[in-house]
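Before any comments, here is the structure.
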Amino acid sequence: MEPETSPPAGRVPLAGIPGGRARRTRWGAWAAIAMVCLGVSAALVYPPITKYELYDPGLGGRDGDVGQYVRIYQGVPMQEIARPWRYRVFTPLMARLVPTPPRSLLRYFDMNADKLVLYHFGMVNLLGLALAGLLMVGFCEALGFTTLEGLLGALLFYTSFPVVNFGGTPMVDAWAYAFLLLGLLAALRGSLAWLLVASLVGMLAKENMLLLVPAVILLGGPRIAVARKLLALLPGLVVYAVFRFALFPGGYGHPSDPATSWSTLVSRMQQGPYWAWLLFDGGMAFGLLWLLAGVGAWSLRDSRHHPLLRLAWLVPGILLTPFVIGTNVGRIWFYAFPALIPLAVAGIRRVFDGARVTA
């Protein structure tokens with residue numbers, strides 16, 4: 001079928017994505033998609049709640065990521081929380097608001113104090129993951145994909161290594177994914193109000209929301225429209241700056257200056273085949289989707305100004321970030337998912353179209 005000649009208002013033209021159909025998804029369909037996303041998210045958070053140790057060394061233990069977020073959840077003064085974890089307060093504070101199940105229900109589970117903490121974080125992350133999946137479908141539609149292709153994008157998101165292994169744990173990434181997608185979708189559709197919400201609240205979830213600034217610039221458009229979008233992001237940036245540099249500056253923190261990060265990287269390279277670990281950790285962020293994303297980018301080569309290819313310029317900066325701030329590679333690289341997963345969907349379409357032609 002041919003694409004519609006006049007896509008609905010706010011939807012990106014389909015140039016460069018052959019086979020796409022710009023159809024507005026009805027509310028009944030969105031309700032069904034929401035139920036699917038909730039079900040998948042529940043399956044993802046159940047193992048961390050019931051089977052993981054709260055202070056698992058793979059999650060940083062008591063002194064690393066999980067330990068710092070749990071301390072915020074427990075009400076430890078912010079000055080006693082290490083940087084930068086102390087500034088990611090959204091998920092831990094929301095976890096405090098989750099009601100504890102009645103004792104009559106808990107007797108059917110092997111619950112203890114640590115598992116109750118896991119439960120509180122798990123419920124917050126369940127909603128974050130469900131919203132992220134729903135937004136992924138909408139984001140793919142805004143890029144010109146069909147609803148079913150958007151669902152494929154959500155599937156690739158949910159089955160990715162970082163989401164499966166960390167999405168339901170006492171970490172902050174689930175809502176960081178959701179707010180990033182909300183901001184990008186708002187930028188595509190020109191919704192200043194939702195862009196403001198994504199920045200204002202999302203910056204307190206995780207500072208990855210800074211990606212929205214270059215994303216808005218890369219997406220382009222009339223100068224006045226770009227300026228308005230950047231102004232919509234400004235309140236969130238200001239609130240975060242006040243929170244970080246005026247209210248709770250100083251104290252112990254993870255070294256994140258480029259000089260320290262570079263010296264640490266050089267030292268690790270000298271201790272053994274650290275490059276093999278980097279290859280594994282970074283490669284597992286998307287697995288074989290790296291290859292499909294390459295196919296997708298190639299399939300869009302004749303539409304260089306398509307918003308998906310514009311957003312792809314974020315990827316090199318994200319790939320360099322772990323080496324600048326001295327942190328793990330795979331989880332940081334995964335924040336390129338708003339570009340790489342839709343590109344992988346475009347690659348899958350290309351492969352299937354080629355298979356139909358040769359059949």
Original post:
Does a sphere of radius 6.0 Å around CG in L288 hold more than 12 heavy atoms from other residues, nucleotides or ligands, not counting ones at 6.0 Å or beyond?
Top reply: no

Original post:
Around R304, counting heavy atoms of other residues, nucleotides and ligands shown, do more than 12 lie under 6.0 Å from its CZ?
Top reply: no

Subject >> Residues T147, I33; criterion side chain to side chain contact (heavy atoms under 4.5 Å, CB included); working and verdict >> reply: CA-CA 10 Å; T147 304; I33 294 170; 3.9 Å; yes

**OP:** State whether F166 and R331 meet the cation-pi test: NZ (Lys) or CZ (Arg) under 6.0 Å from the six-membered ring centroid, and within 45° of the perpendicular axis.
**Re:** yes

Subject >> side chain to side chain donor-acceptor pair (under 3.5 Å) involving R310 - partner list, sequence neighbours excluded >> reply: H305

**OP:** For E207, enumerate each residue passing the side chain to side chain donor-acceptor pair (under 3.5 Å) test, keeping only those at least two apart in sequence or located in another chain.
**Re:** R88

**OP:** Name all residues meeting the ring pair (Phe, Tyr, Trp, His ring centres under 6.0 Å) criterion together with F280; count only those two or more places apart in sequence or in a different chain, and write none if there are none.
**Re:** W277

**OP:** Kindly write out the residues that satisfy ring pair (Phe, Tyr, Trp, His ring centres under 6.0 Å) with F139, not counting sequence neighbours, or none if the list is empty.
**Re:** none

Between the side chain of [X] and the main-chain N/O of [Y], is any donor-acceptor distance below 3.5 Å?
X: R350; Y: A297; value: no
X: R228; Y: A225; value: no
X: D281; Y: V329; value: yes
X: E80; Y: P77; value: no
X: K115; Y: T50; value: yes

In Å and rounded to the nearest 0.5 Å, what is the [atom1] to [atom2] distance from [X] to [Y]?
X: L148; Y: E141; atom1: CG; atom2: CD; answer: 9.5 Å
X: L192; Y: L230; atom1: CG; atom2: CG; answer: 10.5 Å
X: L292; Y: L343; atom1: CG; atom2: CG; answer: 10.5 Å
X: S160; Y: I341; atom1: OG; atom2: CD1; answer: 5.5 Å
X: I318; Y: I332; atom1: CD1; atom2: CD1; answer: 9.5 Å
X: L134; Y: L129; atom1: CG; atom2: CG; answer: 12.5 Å

On a heavy-atom basis, which atom in [X] and which in [Y] lie closest, and how many Å separate them?
X: R86; Y: V89; result: O-CG1, 3.2 Å
X: G236; Y: S199; result: CA-OG, 3.3 Å
X: L135; Y: A178; result: CD1-O, 3.3 Å
X: I72; Y: W85; result: CD1-O, 3.4 Å
X: G330; Y: A285; result: O-CB, 3.5 Å
X: L38; Y: A130; result: CD2-CB, 3.7 Å

Do [X] and [Y] come close enough that some side-chain heavy atom pair is under 4.5 Å?
X: P322; Y: N328; result: no
X: P307; Y: L143; result: yes
X: V172; Y: P92; result: yes

**OP:** Could you walk me through whether W175 and V201 pass the side chain to side chain contact (heavy atoms under 4.5 Å, CB included) test, one step at a time?
**Re:** CA-CA 10 Å; W175 277 98; V201 185; over 6 Å; no

**OP:** Would you please classify the geometry between the F121 ring and the Y73 ring as parallel, tilted or perpendicular, with 30° and 60° separating the classes?
**Re:** tilted

Original post:
Angle class for the Y177/Y335 ring planes (parallel below 30°, perpendicular above 60°, tilted otherwise)?
Top reply: tilted

Original post:
After noting the C-alpha distance and the side-chain angles of L289 and L340, does the key distance pass the side chain to side chain contact (heavy atoms under 4.5 Å, CB included) rule?
Top reply: CA-CA 8 Å; L289 294 187; L340 282 173; over 6 Å; no

**OP:** Would you confirm whether the ring centroid of F248 sits within less than 6.0 angstrom of the ring centroid of Y87?
**Re:** no

**OP:** Applying side chain to side chain contact (heavy atoms under 4.5 Å, CB included), run through L156 and F286 and close with a yes or a no.
**Re:** CA-CA 9 Å; L156 297 179; F286 293 100; over 6 Å; no

**OP:** Among W30, F157, F145, find the one that has a side-chain contact (heavy atoms from CB on, under 4.5 Å) with V137.
**Re:** W30

Original post:
Only one of L116, L59, V117, N112 forms a side-chain contact (heavy atoms from CB on, under 4.5 Å) with L54, so which one is it?
Top reply: V117

Subject >> Residues in side-chain contact (heavy atoms from CB on, under 4.5 Å) contact with L237, at least two apart in sequence or another chain >> reply: M203, L210, V213

**OP:** Under the salt bridge (Lys or Arg N to Asp or Glu O under 4.0 Å) rule, collect the residues that match up with K206, sequence neighbours excluded.
**Re:** D173

